[in-house]
Amino acid sequence: MAERTVNVASAHGLHARPASLFAQAAANAGVPVTVAKGDKEVNAASILSVISLGVNQGDEVTLKSEDDKVVEELATMLETDHDA
């Protein structure tokens, strides 16, 4: 299982727009992906679950999936400021 911890770059964290882009990419990945903040882990393909994490700019989140490439692609999304 691939796992990577990243800092979220979007100026307003994972609010509606960046969370939607992230969840859509996770859903299109074709493999299960989870994202965790602290001890709360959720399905990355669910926008409501992603928003429920309350992720702010600079927060650390951990991505997990069986596919290394998917983890890297999603990590890159989170490390990009989608509010710029």
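Note that this is a predicted model, so its numbers are computed, not measured.
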ask   = From Glu3 CD over to Lys64 NZ, what is the distance, rounded to the nearest 0.5 angstrom?
value = 4.5 Å

query = So do the side chains of Phe22 and Leu63 get within less than 4.5 Å of each other, counting heavy atoms only?
reply = yes

message = Under the criterion side-chain contact (heavy atoms from CB on, under 4.5 Å), I'd like the reasoning laid out for Asn7 against Asp59: C-alpha separation, chi angles, the key distance, then a yes or no.
response = CA-CA 5 Å; Asn7 289 321; Asp59 285 353; over 6 Å; no

Flag for Glu60-Thr5: side-chain donor and acceptor within less than 3.5 Å = no

query = Within a strict 4.5 Å, meaning less than it, do heavy atoms of the Val61 and Val8 side chains meet?
reply = yes

key: Exceeds 12 heavy-atom contacts within 6.0 angstrom, atom CD of Glu66   = no

Using residues 43-56 as the side-chain source, report each donor-acceptor pair under 3.5 Å to any protein atom, sequence neighbours left out, with the distance given to one decimal.
residue, atom, partner, partner atom, Å
Asn43, OD1, Ala45, N, 2.9
Ser46, OG, Ser49, N, 3.2
Ser46, OG, Ser49, OG, 3.0
Ser52, OG, Lys40, NZ, 3.3
Ser52, OG, Ser49, O, 2.6

ask   = At their closest point, which heavy atom of Ala9 faces which heavy atom of Gln57, and how far apart are they?
value = O-NE2, 3.1 Å

request  = Could you list all the side chain to side chain donor-acceptor pair (under 3.5 Å) pairs where at least one residue sits in residues 9-21, not counting sequence neighbours?
outcome  = His15-Asp83

Side-chain donor-acceptor pairs of residues 68-75 under 3.5 Å, sequence neighbours excluded:
residue, atom, partner, partner atom, Å
Glu72, OE1, Arg4, NH1, 2.6

